[in-house]
Amino acid sequence: MTMPVRRATAISCSNIAFIKYWGNRDPELRLPWNDSISMNLSNATTLATVTFDDALGDDVVVIGDEEVGGAARRRVVAHLDRVRAMADITTPARVVSRNSFPMGTGIASSASAFAALSLAATAAAGLTLSERELSCLARLGSGSACRSVPAGFAWWQAGTSHETSYAVQLAPPDHWDLRDLVVVVSTQHKAVTSAEGHSLAPTSPFFHQRLADLPTRLAMVRRAVLERDLETLGQALESEAIELHLIALTSRPPLHYLTPATLQVIHAVQTWRAEGLPAYFTLDAGPNVHLICETPYADELRTRLSSLPSVKEVIANAPGPGVRLVDTP
Ligand code: PMV
């Protein structure tokens, strides 16, 4: 069936996980082993435009200013195929996706990219999804993308099926004036994808212990966010970040993401905290560090970070909005 040219543009924030998603119970459906909790990052966004046009002949995927092929294209095309199946169309699409932040900064571009792509593609295909349906769809593109759909602080309930694994809002953006300062110490591209990390996670002898301990930490982080309790959140954040890397380092084969520069930032933050600056670190699957603090301390933290020789850049984020449609540029 042919249809007129249809276009939509959506914008989405990336997010930082306070409780991490690391390991899939079902890799096809990206059903995680555990619930996770995150904050959307206001200054780390992807703008995606999807145009369905029969004149195209085949899908075209542009990321940044470059048309991409290979695995990156296949992943986007697979997502378009899901949307086409839902809308019962076969029309090819042109996808143009642009990040507000450089790749390799330790900000999860797949989270913002697949949340924005999910909304732009469904809207362009004439579908109107609920927030829950959109979160489920985004999850199929990249697990963490489901948490970028609701605004502010999100809680991804692991669920047991496609329809029951999605993120809900834990608190809106204005609930807590937190800052995430992304401390960039390396801009090198990740040697190991998160997909490989997820598949290796259960080979760590500590993986099942982590799963057994997580419900307590999840409840603690949920409560800390709801009650704006930075000390409790911070302690849980740091334990969680270390545990992610403990699992990675003890997977078979082991995955090394941390560098001496990562440890330098971690040690500096611990020293500053002992001096009265309340900031806490968390990490993703990479060497860059995310520092969480409340707004009154963000400038002081930034000044101190600029004195560390290994710090290349600092990107400050507030709790960000959820995915939304915007006028096509
Ligand atoms: O969504 P993925 O497959 O890129 O995995 C994200 C993994 C971590 O960033 C390390 C943790 C998380 O929950 O975001």
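Order of listing sets the numbers, starting from 1, for every ligand and every atom in it.
Side chain of Ser100 to backbone of Thr45: a donor-acceptor contact under 3.5 angstrom is found. Judged by distance alone, the side chain of Asp284 and the main-chain N or O of Ala108 form no donor-acceptor pair under 3.5 Å.
Using a 4.5 Å cut-off on side-chain heavy atoms (C-beta onward), Thr9 and Leu325 make no contact.
With Arg84 as the partner, the side chain to side chain donor-acceptor pair (under 3.5 Å) test is satisfied by one option alone out of Thr90, Asp59, Thr91: Asp59.
Here His79 and Phe114 bring their ring centres to under 6.0 angstrom of each other.
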key: Candidate pair Trp156 and Tyr21, rule ring pair (Phe, Tyr, Trp, His ring centres under 6.0 Å), full reasoning   = CA-CA 9 Å; Trp156 176 7; Tyr21 148 54; 4.7 Å; yes
Please give the N or O to N or O pairs under 3.5 Å between ligand 1 and the protein, distances rounded to 0.1 Å.
{"residue": "ligand 1", "atom": "1 (O)", "partner": "Ser142", "partner atom": "OG", "Å": "3.1"}
{"residue": "ligand 1", "atom": "1 (O)", "partner": "Ser144", "partner atom": "N", "Å": "2.9"}
{"residue": "ligand 1", "atom": "1 (O)", "partner": "Ser144", "partner atom": "OG", "Å": "2.6"}
{"residue": "ligand 1", "atom": "3 (O)", "partner": "Ser194", "partner atom": "OG", "Å": "3.1"}
{"residue": "ligand 1", "atom": "3 (O)", "partner": "His198", "partner atom": "NE2", "Å": "3.0"}
{"residue": "ligand 1", "atom": "4 (O)", "partner": "Ser194", "partner atom": "OG", "Å": "2.9"}
{"residue": "ligand 1", "atom": "5 (O)", "partner": "His198", "partner atom": "NE2", "Å": "3.0"}
{"residue": "ligand 1", "atom": "9 (O)", "partner": "Asp284", "partner atom": "OD1", "Å": "3.2"}
{"residue": "ligand 1", "atom": "13 (O)", "partner": "Tyr21", "partner atom": "N", "Å": "2.8"}
{"residue": "ligand 1", "atom": "13 (O)", "partner": "Arg147", "partner atom": "NH1", "Å": "2.9"}
{"residue": "ligand 1", "atom": "13 (O)", "partner": "Arg147", "partner atom": "NH2", "Å": "3.2"}
{"residue": "ligand 1", "atom": "14 (O)", "partner": "Arg147", "partner atom": "NH2", "Å": "2.8"}

